[in-house]
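Below: the structure, in structure tokens.
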Amino acid sequence: MYRLLNAAEATAATETAANANPFVGMGDMLSLLLLLMLFGSGIYAIYTYIRLHKTCMLFPNKFLYPGGCTPDTCADVDGFIDYIEPRLLLLGIAMILCGVGYLAYSIALKATNTLVDIATILVPAGIFVWYMFVQRKASKEFW
């Protein structure tokens with residue numbers, strides 16, 4: 001009987017701790033990873049924009065160049081910088097806003113809605129698809 005009571009107390013303590021911590025379980029871990037990816041990609045895009053704006057030179061970066069294009073083979077460096085800067089800043093701001101929106105939705109409001117959950121995946125993915133089209137156009141125009 002004593003062993004059964006301790007197990008019940010342990011279960012109650014675990015449930016209390018789970019309610020206190022907003023990130024418990026696999027779904028919550030995925031939410032945390034989504035937040036880290038949204039904020040990380042947004043901050044990296046803004047960092048890239050600031051560095052590109054200050055130096056006015058191309059440098060190695062994963063967000064900056066279209067696939068298969070290197071800074072050495074760029075035909076019009078100044079034109080590419082003028083083209084990509086505002087779009088890179090827009091990408092960074094959009095990712096951070098998606099992260100803030102998802103943070104407010106999932107943690108502050110503690111709401112659950114299937115449509116909003118789907119939108120939290122599709123909206124950032126759509127923004128990245130848009131940026132891929134921007135890079136494809138840049139590769140045709142500047143390489």
Side-chain angles (χ1 to χ4, degrees), residues 4-143:
L4 183 61
L5 290 177
N6 282 342
E9 290 173 3
T11 303
T14 304
E15 288 175 359
T16 304
N19 291 336
N21 187 357
F23 290 113
V24 175
M26 183 59 87
D28 292 330
M29 184 59 77
L30 291 174
S31 295
L32 179 63
L33 288 174
L34 178 64
L35 281 172
L36 288 174
M37 289 185 338
L38 289 173
F39 283 118
S41 61
I43 290 169
Y44 189 60
I46 291 175
Y47 158 76
T48 302
Y49 165 78
I50 291 170
R51 184 171 172 193
L52 187 64
H53 191 73
K54 281 186 177 182
T55 62
C56 294
M57 293 173 29
L58 298 180
F59 53 90
N61 190 286
K62 297 294 181 187
F63 274 9
L64 199 52
Y65 307 111
C69 298
T70 61
D72 302 336
T73 59
C74 184
D76 182 13
V77 174
D78 293 331
F80 174 69
I81 290 173
D82 291 339
Y83 174 79
I84 204 70
E85 269 187 347
R87 290 153 182 89
L88 194 59
L89 182 62
L90 186 61
L91 172 72
I93 290 171
M95 287 295 117
I96 289 177
L97 287 177
C98 286
V100 168
Y102 185 66
L103 186 67
Y105 165 74
S106 65
I107 295 186
L109 299 177
K110 295 183 183 177
T112 56
N113 185 343
T114 305
L115 293 176
V116 176
D117 288 338
I118 292 171
T120 58
I121 301 296
L122 292 181
V123 170
I127 294 169
F128 273 117
V129 167
W130 164 78
Y131 190 68
M132 286 180 356
F133 281 114
V134 164
Q135 286 186 323
R136 180 177 294 163
K137 183 178 177 187
S139 71
K140 291 177 183 176
E141 205 168 314
F142 301 105
W143 267 269

Starting from the C-alpha separation in whole Å, work towards a yes-or-no answer on side chain to side chain contact (heavy atoms under 4.5 Å, CB included) for Tyr65 and Thr70.
CA-CA 7 Å; Tyr65 307 111; Thr70 61; over 6 Å; no

To the nearest 0.5 Å, tell me how far Tyr102 OH sits from Leu34 CG.
5.5 Å

In short, Pro124 meets Ala119 closest at the heavy-atom pair CD-O, 3.8 Å

On a heavy-atom basis, which atom in Val123 and which in Cys98 lie closest, and how many Å separate them?
CG1-SG, 3.8 Å

CA sep, side-chain torsions, deciding dist, call: Tyr131, Ile84, side chain to side chain contact (heavy atoms under 4.5 Å, CB included)
CA-CA 10 Å; Tyr131 190 68; Ile84 204 70; 3.8 Å; yes

Provide the closest heavy-atom pair for Asp117 versus Thr120 in the form atom of the first, atom of the second, distance.
O-OG1, 2.6 Å

NZ of Lys137 to CZ of Phe142: how many Å apart, nearest 0.5 Å?
8.5 Å

Point-to-point distance, once rounded to the nearest 0.5 Å, from OG1 of Thr114 to CD1 of Ile118:
6.5 Å

Report the distance from atom CZ of Phe128 to atom OG of Ser41, rounding to the nearest 0.5 Å.
4.0 Å

Which side-chain hydrogen bond (donor to acceptor under 3.5 Å, both in side chains) pairs, counting each pair once, include a residue from residues 79-92, with sequence neighbours left out?
His53-Glu85

What is the distance from atom CH2 of Trp130 to atom CD of Gln135, rounded to the nearest 0.5 Å?
10.0 Å

Identify the two heavy atoms, one from Ile96 and one from Phe39, that lie closest to each other, and give their separation to 0.1 Å.
O-CE2, 3.9 Å

From Leu35 atom CG to Leu30 atom CG, the distance as rounded to the nearest 0.5 Å:
11.5 Å

Pick one: which of Ile81, Leu64, Ile93 meets side-chain contact (heavy atoms from CB on, under 4.5 Å) with Leu88?
Leu64

So which heavy atom on Leu58 is nearest to which on Cys74, and how close?
CD1-CB, 4.0 Å

Heavy atoms of Trp143 and Pro66 approach each other most closely as CZ3-CD, 3.9 Å

Flag if over 12 foreign heavy atoms under 6.0 Å of CZ, Phe59:
yes

Do you know which of Leu89, Asn61, Leu91 makes side-chain contact (heavy atoms from CB on, under 4.5 Å) with Thr48?
Asn61

